[in-house]
There are 2 protein chains.
Amino acid sequence: MKPNARERLIEGTRQLLWERGYVGTSPTAILARSGVGQGSMYHHFDGKPDLVLAAEQRSAELMQQQIAEAFAVEGTALERITRYLGRERDVLRGCSVGRLTADPEVMADDTLRAPIRETFEVLHEHLRRTVAEGVAAGEFAGEPDIDETASAIAAVIQGGYALARAAQAVEPFDRAVRGVLSLLRASAPRSN
Amino acid sequence: MKPNARERLIEGTRQLLWERGYVGTSPTAILARSGVGQGSMYHHFDGKPDLVLAAEQRSAELMQQQIAEAFAVEGTALERITRYLGRERDVLRGCSVGRLTADPEVMADDTLRAPIRETFEVLHEHLRRTVAEGVAAGEFAGEPDIDETASAIAAVIQGGYALARAAQAVEPFDRAVRGVLSLLRASAPRSN
DNA sequence: GGCGGCATACATACTAGTATGTATGCTGTC
DNA sequence: GACAGCATACATACTAGTATGTATGCCGCC
């Protein structure tokens, strides 16, 4: 029938963390969401932090996979970046990984923080490499600083979620994405 | 002696919301942080949601004030945007207003969401107007879309906080800011 | 056919969160 | 000097969060 209890616990916890963060995610809520009994939870995991770590690792893994897929397409650097920025997203739901940066419990613990940090590093690396290829191919005549550009693009995504949630509308996210893409495209040979 | 209990409650709640969000902010923690008695809290406010609203409104007010000040300086549009982006920030602490976009309790309640939405609207309006002036003055020869550019800049700030927190370092924030500024500058008229 | 691993149910317990209500005292004003 | 407004302390209460421990049952494997 359903996937085993361990998998369901991870998925339920993942969703709750995504929606409500660390303190907002209670063991009983996890059980209800996952549809498993309380005993199973303590059977498979040492407790909330252990389960949270497993859920985080799963989110990080899925996200890194999506990132890799989005960049593993043919096309110019600009096309690949555009494709990544425009990929299917449940914008108002936000980023399952980025959400956790708001939780002090997670940020204060190096083990819990690691999957988040690593995911952003992976994204940065993909963006960095793609921008570098674009510069090498003469797509960005302005030759923007590679790391700075990669960071700006990553930040626009994360910040776009915040703007969209505040407005309860997808539009601000899309606007920010179009904005950074326009700026990239407009990158002209410059004199500085 | 100290400011009155009402003020101290607002400030304590403001700080706790900033650090820990809505669910992470308990009445007892508020009392401890504010240094007032429990009775006073229920004397001045109807309860947690009422106090949270007051704290949010205060944060929004302060933030809008800082935004207005940062843009109320002489200089070209690019200088004013650079100044706003480079203004003094406790980056790892994050944004006292943007933090709340992660809380479903806040986002689901129109009254609690209003101060956040309004603050982003005010920021957008300042950025929009400044970019428009820059375009009019020929500073941005690429004539980027005004609203899109404003949204991208606002998003970079909010997203920069997330990147910085994940890395527990200010550098990713600064890099993202330099990145978007470079892209903006690169759309400047060629002087060569 | 028993045993180890996994799942479920149920009882218990302690703490924190979120209050309400009452008593008491301080202070400034009419 | 009485009274309103504000502050503090203390008692009480209910719920949710975070477990621990025990009993029981199913299933696949040696």
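Fair warning: this is a prediction, and the values are worked out from it, not measured in the lab. Letters go in sequence order (proteins before strands), and every chain restarts at 1.
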- Message: What is the separation between atom CD on B/Gln38 and atom P on C/dG21, rounded to the nearest whole Å?
- Response: 13 Å

- Note on the structure: Of C/dT8, D/dA11, D/dA19, the nucleotide closest to the side chain of A/Ser40 is C/dT8

- Item | Value in whole Å for how far the P atom of D/dC6 lies from CZ of B/Phe45 | 12 Å

- Among the nucleotides C/dA19, D/dT18, C/dC6, whichever has the atom closest to the side chain of A/Lys48 is D/dT18

- Task: Please tell me which of A/Thr25 and A/Gly39 maps to the more 5' nucleotide of DNA chain D, matching each residue to the nucleotide holding its nearest heavy atom.
- Result: A/Thr25

- Query: Out of curiosity, B/Arg83 CZ to B/Thr130 OG1, how far, rounded to the nearest 0.5 Å?
  - Reply: 12.5 Å

- Establish, yes or no, whether the cationic atom of A/Arg89 lies under 6.0 Å from the six-membered ring centre of A/Tyr84 and within 45° of the ring axis. yes

- Message: With heavy-atom distances below 4.5 Å as the criterion, would you say the side chains of B/Thr82 and B/Glu79 are in contact?
- Response: no

- Query: Atom CD1 of A/Ile30 and atom C1' of D/dA19: how far apart are they, to the nearest Å?
  - Reply: 13 Å

- Whole-Å distance separating the CD atom of A/Glu7 from the P atom of C/dC6: 14 Å

- Can you tell me the distance, in whole Å, between the NE2 atom of A/His43 and the P atom of C/dA9? 15 Å

- Note on the structure: Among the nucleotides C/dT20, D/dT8, D/dT18, whichever has the atom closest to the side chain of A/Tyr42 is D/dT18

- Send over the distance from B/Met41 CE to C/dT18 C1', rounded to a whole Å. 8 Å

- Message: At 4.0 Å (heavy atoms only), tell me whether B/Thr28 reaches a base, stays on the sugar-phosphate, or touches nothing.
- Response: base

- Check whether A/Val36 and A/Val52 end up in the same hydrophobic cluster, where Ile, Leu, Val, Met, Phe, Trp and Tyr are linked by side-chain heavy atoms less than 4.5 Å apart. no

- Task: Would you kindly give the CZ-to-C1' distance between A/Arg8 and C/dC6, to the nearest whole Å?
- Result: 13 Å

- Query: How close or far is atom P of D/dA19 from atom CG of A/Leu31, stated in whole angstroms?
  - Reply: 12 Å

